[in-house]
Amino acid sequence: MKQDVRPSSANRHATGREKLRGHLAMLLFAVLIAGSFSFGGMAAQFMEAEPLTLWRYLMTSVVMGIMAFAIFRMPTKRPRQTYRFAVLGGLIAIYMLTMFTALEYTDPVSTGAVFTLMPLLSAGFALVLLGQTTRPGVLGALVLAALGALWVIFRGDPAALLAFDVGTGELIFFVGVVCHAAYVPLIRRYDRGEHPLTFAFWVTIFATIWLSWPGTPGLVATDFLSLPLSVYLAVFYLSVVTTAFTFLLLQYASMRLPAPKVLAYGYLTPSFIILVEGLLGHGWASPSVLIGALMTAGGLGLMALLPD
């Protein structure tokens with residue numbers, strides 16, 4: 001069935017119920033992404049970033065292929081203008097590879113701090129690539145949400161914020177965050193009316209191709225029998241639960257909301273990371289971080305209500 005909400009230009013956005021669905025999609029996106037940091041950190045203790053990232057994308061390619069061509073019966077023809085998927089797949093490959101590499105040097109909460117830079121970076125890329133401008137009210141809401149996220153990241157301790165030292169892991173992941181920030185507006189620029197599943201499948205395929213060169217030697221040499229069950233569970237979550245669904249959620253929301261609003265939900269990620277870390281037995285945050293969580297939620301709520 002033909003979608004009646006697909007923008008005919010880069011600057012037209014959904015309204016009403018479709019706009020609400022776009023926001024709900026990104027809320028779920030933030031929850032799933034938060035889990036990827038915690039579970040990715042667990043898997044990174046036993047495998048290097050390159051083979052681990054390739055392994056998850058090989059599994060994701062299979063899952064996306066089954067969803068697109070076996071379940072939803074999408075056409076299997078070669079996509080038009082394949083350079084689009086090569087570019088998008090390369091950006092996602094760099095993002096994922098740098099995330100796992102960063103987790104070898106730092107913890108999930110610190111990577112979540114870097115992740116919160118993405119919305120403002122995305123606003124810059126949207127201006128350059130699509131000509132999208134961000135209203136002052138939306139920028140103000142982004143700043144409020146960012147302040148709340150920082151308060152959560154540093155657990156309500158101003159001294160911890162002032163003493164923050166940007167380490168190797170944070171610098172590595174920043175490169176990936178820049179790539180992901182460019183990815184969202186490029187989805188609109190490169191959209192040619194394909195079904196989201198087909199679009200996501202080809203992005204996944206090209207991401208896997210990019211990752212094959214650095215990841216194949218390590219993956220071949222991996223002793224899978226010696227890996228603990230937690231690694232298999234983490235890879236399953238990352239490749240099936242996170243990657244497949246976040247591709248679809250991001251694709252869905254990006255076609256309905258402006259890029260800064262889409263990635264503003266990244267500000268919720270640190271709060272969800274702290275929640276997931278607590279549920280996994282890695283320690284709970286103090287009650288003071290609720291102030292930051294409320295600030296973030298308030299900023300996002302204000303942003304959602306403001307005009308696009």
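None of these values were measured; they are calculated from a predicted model.
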Requested in this report: Could you label the plane-to-plane angle of the Phe39 and Tyr237 rings as parallel, tilted or perpendicular, counting under 30° as parallel and over 60° as perpendicular?
Outcome: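 Tilted, since the angle between the ring planes falls between 30° and 60°.
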Is there a continuous path of hydrophobic side-chain contacts, each under 4.5 Å between heavy atoms, that joins [X] to [Y]?
| X | Y | value |
| --- | --- | --- |
| Val128 | Val177 | no |
| Tyr105 | Tyr95 | no |
| Val175 | Ile33 | no |
| Leu250 | Phe206 | yes |
| Leu219 | Trp213 | no |

What is the distance from atom [atom1] of [X] to atom [atom2] of [Y], rounded to the nearest 0.5 Å?
| X | Y | atom1 | atom2 | result |
| --- | --- | --- | --- | --- |
| Leu88 | Trp202 | CG | CH2 | 14.0 Å |
| Ile172 | Thr101 | CD1 | OG1 | 6.0 Å |
| Arg189 | Ser254 | CZ | OG | 15.5 Å |
| Ile71 | Leu197 | CD1 | CG | 8.5 Å |
| Leu186 | Cys179 | CG | SG | 10.5 Å |

Check whether [X] reaches the backbone of [Y] with its side chain - one donor and one acceptor, N or O, closer than 3.5 Å.
| X | Y | answer |
| --- | --- | --- |
| Thr60 | Ser239 | yes |
| Glu104 | Ala49 | yes |
| Thr106 | Ala102 | no |
| Tyr232 | Phe224 | yes |

**Report entry** Side-chain H-bond candidate by donor/acceptor type, Ser61 with Thr208, under 3.5 Å
**Finding:**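 Their side chains do contain a donor-acceptor pair, which is all the 3.5 Å distance test asks for.
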Which atom pair, heavy atoms only, marks the closest approach of [X] to [Y]?
| X | Y | result |
| --- | --- | --- |
| Pro51 | Gly218 | CB-C, 3.6 Å |
| Ala25 | Tyr252 | CB-CD2, 4.1 Å |
| Arg80 | Arg84 | O-NH2, 2.6 Å |
| Ile273 | Phe37 | CD1-CD1, 3.7 Å |
| Leu238 | Arg56 | O-NH2, 2.8 Å |
| Met59 | Val235 | SD-CG1, 3.5 Å |

Close side-chain approach of [X] and [Y], heavy atoms under 4.5 Å:
| X | Y | result |
| --- | --- | --- |
| His180 | Leu91 | no |
| Lys19 | Arg256 | no |
| Met74 | Glu194 | no |
| Ile205 | Phe85 | no |
| Leu52 | Phe46 | no |
| Leu28 | Leu24 | no |
| Ile187 | Asp191 | no |
| Leu103 | Thr111 | yes |

**Report entry** side chain to side chain contact (heavy atoms under 4.5 Å, CB included) between Phe125 and Val184, intermediate numbers included
**Finding:** CA-CA 9 Å; Phe125 280 116; Val184 172; over 6 Å; no
Requested in this report: Test Thr198 against Phe72 for side chain to side chain contact (heavy atoms under 4.5 Å, CB included), laying out the working first.
Outcome: CA-CA 10 Å; Thr198 304; Phe72 290 93; over 6 Å; no
Mind checking whether [X] and [Y] have ring centres under 6.0 Å apart?
| X | Y | answer |
| --- | --- | --- |
| Trp210 | Tyr57 | no |
| Phe29 | Phe245 | no |
| Trp55 | Phe100 | no |
| Phe199 | Tyr190 | no |

Requested in this report: Report, as yes or no, whether the 6.0 Å neighbourhood of atom CZ on Phe69 holds more than 12 heavy atoms from other residues, nucleotides or ligands.
Outcome: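 Atom CZ in Phe69 is crowded, with more than 12 foreign heavy atoms closer than 6.0 Å.
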Report task. Would you please test Thr222 and Leu227 for side chain to side chain contact (heavy atoms under 4.5 Å, CB included) and show each step? Result -> CA-CA 9 Å; Thr222 298; Leu227 295 175; 4.0 Å; yes
**Report entry** Identified side chain to side chain contact (heavy atoms under 4.5 Å, CB included) partner of Met96 from the options Ile92, Ile94, Thr98
**Finding:**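 That would be Ile92.
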